[in-house]
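Just below is one structure, and these are the notes that go with it.
In what follows, chains are A, B, ... by sequence order, proteins preceding strands, each numbered from 1.
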Amino acid sequence: MYRTHTCGELRLEHQGIEVTLAGWVQRKRELGGMTFVDLRDRYGITQLVFDEKASAELNDKLKKLGREFVIQATGHVRERSSKNDHLPTGDIEMDVADLKVLSPSAVPPFTIEDESDGGDDIRMKYRYLDLRRNPVRENLVLRSKMAHAIRSYLNDQEFIETETPVLIKSTPEGARDFVVPSRMNEGQFYALPQSPQVFKQLLMVAGFDRYYQIVKCFRDEDLRADRQPEFTQIDCEMAFVEQEDVLNTFEGLTKHLFKAIKNVDVADFPRMSYADAMINYGSDKPDIRFDMLIKDLTDVVKGHQFSVFDDAEFIGAICAEGCADYTRKQLDALTNWVKRPQIGAKGMVYLKCNADGTFKSSVDKFYSEDELQKWASACGAKAGDLILLLSGEKASMLDALGALRLEMGKQLGLMDKNTFKPLWVVDFPLLEWDEETQRHYAMHHPFTAPKPEDIALLDTAPGKVRANAYDLVINGVEIGGGSVRIYDSELQSRMFDLLGFTKEEAQAQFGFLMSAFKYGAPPHAGIAFGFDRLVSLFAGLDSIRDVIAFPKNNAGRDVMIDSPSPIAQNQLDELNLKVVLKEKK
RNA sequence: GGUGGCGUAGUUCAGUUGGUUAGAAUAUCGGCCUGUCACGCCGAGGGUCGCGAGUUCGAGUCUCGUCGUCACCGCCA
């Protein structure tokens, strides 16, 4: 036995007893005749005291101790003569009688403290050291607790946790697959799952009725702060349910997590159609912690010889409360911000609704005070507010206004990390048109059921068909999404047809699913939450990297183990692979 | 694929208009110190200014390229 107690549990009540602790040297404070050592493990810190007069042997060992040495110390617990209110163990210390170095440490490249001196790069390279730090470890403890709470909630609701295979089959739709060559099947490849989609549907056909899994998924696409090539989903599917049943079940799960983990009671989640989200928020994942809705001013501002507006398909605005005192410099900065290629606006028009009731606009030579008053009324603006207008092609301006809205929300401090506003976005379009390939793609996935009342549109106006598909959005983050599935092989076959699959292709890719549907498939629906995003939201973090023990960087590299990496020629030979690198231009 | 930020001591950063020997903090090492807890005080060592070209009498500083890293756009059913 290496220890009798952890470094976080000794208190005054333990005084007088002999204990053994083991852990890492956090810090050494030498005061000449005596030395203090802070001993750390994941449970806390306990102060060890060494008296110079005790023994020469102990002094020698003590002298050699450095930061992050792993040691074992034995001695009696005693009350401190000067206590430390900042530590739970601050009333006591160990009078060390015996010390053993279990493992020495090189000088770590950054300080292992709550506020480390290390930057992201170096901490990622030495992730195992970064994980010793309290804030990083706490994120992973939170993750563990949330996983536990999810399992417990779903188990109580009769969900069956079922594993599905990781080596599966590549499909053309959706994200790029990570592929794995098969040695035993020459020239053939497995794919890693983008999600266990078809397997969970087959489990419904199998009569499992309620399935869930906290499962790794893989997508070979470019990364972001909230996107990793491998990420974790809370993946679920239910049979004999309608959309409403799924929403209620997972709204319940989400509320349970907020209560159990953060002791927060959240109100019932509002529902918003995809169409409304796009028009009012310029986004399919609206942040409803604040309003500042987008207003369509097209009809209000046209027809006044201001050609920029007159020639535009759409003119939209947001109203920033209390910002009429923005300076020229601030407005110029915002204008430049919306003109960046990422936002893509050509320019920005402002209208200051001054406190004295007058108006000041960048285009007021085209518009009378009365006209400007109409703008203000249409935006619901009051004295002291600032209206920002963008004009251009409708879809891209809604997008830009949505981004501008978030930027203003950020600048005005309207996005409090401790406020949680979940909502369901529903009625997504079933299909989206792709200009490049001149065909429709499934917006969610090809197994999503159209709304029954829209099925007639499948032939006439497929772009207008709405799906029984839904997303859970919290604070502008897409936490999860799902849909009611097609369970009729005829309709499924028609969908593949719409998506441009030939009968043969559909049969080759998804024949197993359509066969399964011929043997009594129950109506079913499902949902998947992005677990990493959910944890980072609960932790108040912007990057999911912070809630993953060993994450990858922007380029999909693990800088700690230095992967990916080339493989040996004999491995390539065995797999019948030949590497041909493209010439760099 | 694209846009932008960053790259200087182990680490985090400063570095003026292009001009003498590139600084600070912290970490490390040595010395002093018996109640510290971010201990304190004194001292020391530590630099291919990411890399490569170019401009210049002279480049950490300017230009181009390249590599690394971060954020975003495209992409992510």
Side-chain angles (χ1 to χ4, degrees), chain A residues 26-40 45-54 63 66-68 78-87 89-90 93 106-126 129 171-177 194-195 197-198 217-229 231 336-337 339-344 396 399-400 403 406-407 428-432 434 436 440-448 467 469 478 481-483 495 499 528 530 542-543 545 552-555 557 559 584-585:
Chain A
Q26 176 72 30
R27 187 176 281 112
K28 191 163 71 165
R29 290 181 293 278
E30 291 176 286
L31 274 70
M34 70 191 312
T35 297
F36 300 101
V37 170
D38 288 342
L39 190 66
R40 183 198 75 234
I45 283 180
T46 298
Q47 176 166 282
L48 313 180
V49 192
F50 297 80
D51 194 318
E52 193 177 44
K53 290 175 290 201
K63 183 83 184 159
R67 281 161 51 207
E68 302 305 315
R78 74 177 180 212
E79 185 172 5
R80 291 200 198 184
S81 58
S82 54
K83 299 191 167 67
N84 182 347
D85 295 340
H86 299 105
L87 281 181
T89 61
E93 63 195 0
V107 176
F110 53 88
T111 57
I112 315 287
E113 290 165 359
D114 289 4
E115 297 289 332
S116 174
D117 65 0
D120 291 346
D121 295 10
I122 194 94
R123 288 191 290 116
M124 277 305 168
K125 184 170 177 188
Y126 298 93
L129 296 181
T171 55
E173 291 273 310
R176 289 185 191 89
D177 286 315
Q194 298 172 25
S195 82
Q197 186 57 38
V198 290
C217 301
F218 306 86
R219 293 179 190 173
D220 186 7
E221 294 292 346
D222 286 8
L223 276 48
R224 289 283 193 285
D226 63 349
R227 275 164 30 190
Q228 284 273 300
F231 60 100
N336 287 333
W337 189 85
K339 283 165 85 173
R340 292 183 313 149
Q342 280 89 337
I343 306 297
S396 65
D399 198 53
L406 291 178
E407 174 65 20
F428 276 80
L430 180 70
L431 303 163
E432 58 187 341
D434 181 68
E436 206 174 311
H440 282 104
Y441 282 84
M443 190 146 179
H444 186 54
H445 57 53
F447 318 111
T448 301
E478 183 193 328
S483 62
M495 272 299 296
L499 294 170
D542 294 321
S543 172
R545 278 196 273 264
K552 291 177 175 55
N553 76 5
N554 245 7
R557 296 200 68 85
V559 296
K584 282 206 171 171
K585 282 173 218 155

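- B/rU36 sits 48 Å from B/rU17 when the P atoms are compared, rounded to a whole Å.
- Across all strands shown, A/D121 has heavy atoms under 4.0 Å from sugar-phosphate atoms exclusively, and none from any base.
- Side-chain nitrogen and oxygen atoms of A/R29 include at least one within less than 4.0 Å of the OP1 or OP2 phosphate oxygen of B/rC39.
- Put simply, A/N554 has no side-chain N or O that comes within less than 4.0 Å of OP1 or OP2 on B/rU69.
- Among the protein residues, A/E113 comes within range of no part of the nucleic acid, since none of its heavy atoms lies under 4.0 Å from any strand.
- Between the side chain of A/K125 and the base of B/rU69, no donor-acceptor pair of N or O atoms lies under 3.5 Å.
- Residue A/K83 is in base contact, counting any heavy-atom pair closer than 4.0 Å across all strands shown.
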From CA spacing to verdict: salt bridge (charged side-chain N to carboxylate O under 4.0 Å, His left out), A/E93, A/K83 = CA-CA 9 Å; A/E93 63 195 0; A/K83 299 191 167 67; over 6 Å; no
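- Atom CD of A/E68 is separated from atom C1' of B/rG10 by 15 Å (rounded to the nearest Å).
- In this structure, CE of A/M443 is placed 12 Å from P of B/rC75, rounded to the nearest angstrom.
- Comparing A/E93 and A/V107 against RNA chain B, the residue whose closest nucleotide sits nearer the 5' end is A/V107.
- Shown here is A/K28, whose NZ atom has more than 12 heavy atoms of other residues, nucleotides or ligands within 6.0 Å.
- Looking at heavy-atom distances under 4.0 Å, A/R27 makes contact with sugar-phosphate atoms alone, never a base.
- Panel note: side chain A/E173, backbone A/P446; no donor-acceptor pair is recorded below 3.5 Å.
- Residue A/R340 contributes atom CZ, which lies 7 Å from atom C1' of B/rC72 at whole-angstrom precision.
- Counting only heavy atoms from C-beta on, A/L31 has its side chain closest to B/rU36 among B/rC37, B/rG10, B/rU36.
- Across all strands shown, A/P446 has heavy atoms under 4.0 Å from base atoms, whether or not it also approaches the sugar-phosphate.
- Of the possible donor and acceptor atoms, none in the side chain of A/Q228 sits under 3.5 Å from a partner among the backbone N and O of A/R545.
- With a 4.5 Å cut-off on side-chain heavy atoms, A/V559 and A/D121 do not count as touching.
- Residue A/R219 places no side-chain N or O under 4.0 Å from the OP1 or OP2 atom of B/rC75.
- No engagement by A/D220 is indicated, since no non-hydrogen atom pair under 4.0 Å with the nucleic acid exists.
- When the P atom is compared between B/rG47 and B/rC57, the two are found 32 Å apart, to the nearest whole Å.
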Audit row: A/T111, A/R67, side-chain contact (heavy atoms from CB on, under 4.5 Å) steps and yes/no = CA-CA 9 Å; A/T111 57; A/R67 281 161 51 207; 3.8 Å; yes
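- A donor-acceptor pair is defined here as one N or O able to donate and one able to accept, closer than 3.5 Å; no such pair exists between the side chain of A/T46 and the backbone of A/L39.
- Nucleotide B/rU28 holds its P atom 12 Å from the CD1 atom of A/I112, rounded to whole Å.
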Which letter, B, S or -, goes with each nucleotide of nucleotides 3-8 of chain B from 5' to 3', with contact meaning a protein heavy atom under 4.0 Å?
-> B-----
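- A/D177 places a side-chain N or O within donor-acceptor distance of the main-chain N or O of A/T171, the cut-off being under 3.5 Å.
- Nucleotides B/rC29 and B/rG58 are separated by 37 Å at their C1' atoms, to the nearest Å.
- Here A/R545 reaches the OP1 or OP2 of B/rA71: one of its side-chain N or O atoms lies under 4.0 Å away.
- At least one side-chain nitrogen or oxygen of A/R67 sits closer than 4.0 Å to the OP1 or OP2 atom of B/rU28.
- When rounded to the nearest whole Å, the span between CZ of A/R80 and P of B/rG35 equals 14 Å.
- In this structure the side chain of A/L431 reaches within 4.5 angstrom of the side chain of A/M495, judged on heavy atoms.
- B/rA25 and B/rG65 have their C1' atoms separated by 35 Å, given to the nearest Å.
- Contact check for A/R40 versus A/E68: side-chain heavy atoms found under the 4.5 Å cut-off.
- In this structure, A/K63 reaches the B/rG31 phosphate: one of its side-chain N or O atoms is under 4.0 Å from OP1 or OP2.
- Across all strands, A/V559 comes closer than 4.0 Å only to sugar-phosphate atoms, never to a base (heavy-atom distances).
- Separating the CD1 atom of A/I343 from the C1' atom of B/rC73 is a distance of 9 Å, rounded to the nearest angstrom.
- For A/R227, there are no side chain to side chain donor-acceptor pair (under 3.5 Å) partners two or more places apart in sequence or in a different chain.
- For the C1' atoms, the distance from B/rU11 to B/rG52 is 27 Å, rounded to whole Å.
- Stacking of A/F36 onto the six-membered ring of B/rU36 is present: less than 5.5 angstrom between centres, less than 30° between planes.
- Out of B/rU69, B/rC39, B/rC75, the shortest distance to the side chain of A/A555 is found at B/rU69.
- Look at the C1' atom in both B/rC62 and B/rG19: the space between them is 14 Å, to the nearest Å.
- A/R557 has no side-chain polar atom (N or O) that falls below the 4.0 Å cut-off from OP1 or OP2 of B/rG68.
- A/V49 places none of its side-chain heavy atoms less than 4.5 Å from the side chain of A/R80.
- If you check every strand for non-hydrogen atoms under 4.0 Å, A/R40 touches nothing.
- Nearest to the side-chain atoms of A/N553 among the listed nucleotides B/rC72, B/rU36, B/rU69 stands B/rU69.
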Using a 3.5 Å limit on both pairing distances, list the dot-bracket string of RNA chain B from the 5' end; Watson-Crick and G-U wobble pairs count, crossing pairs take [ ], interstrand pairs take |.
-> (((((((..((((.....[...)))).(((((.......))))).....(((((..]....))))))))))))....
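- Annotation: B/rU12 and B/rG4 have their C1' atoms spaced 23 Å apart (nearest Å).
- Atom P of nucleotide B/rC70 and atom CG of A/D542 are separated by 15 Å, given to the nearest angstrom.
- Position along RNA chain B of the nearest nucleotide to A/G33 versus A/E432 favours A/G33 as the more 5'-ward residue.
- Relative to the side chain of A/S81, the nucleotides B/rU34, B/rG35, B/rU11 differ in distance, and B/rG35 lies closest.
- Nucleotides B/rU8 and B/rC32, compared at atom C1', are 34 Å apart to the nearest Å.
- Summarising the geometry, the separation between CD on A/E52 and P on B/rG35 is reported as 13 Å, rounded to the nearest angstrom.
- Residue contacts shown for A/T171 are absent, as no nucleic acid heavy atom lies under 4.0 Å away.
- The main-chain N or O of A/F36 is never found under 3.5 Å from a side-chain atom of A/R29 such that the two would form a donor-acceptor pair.
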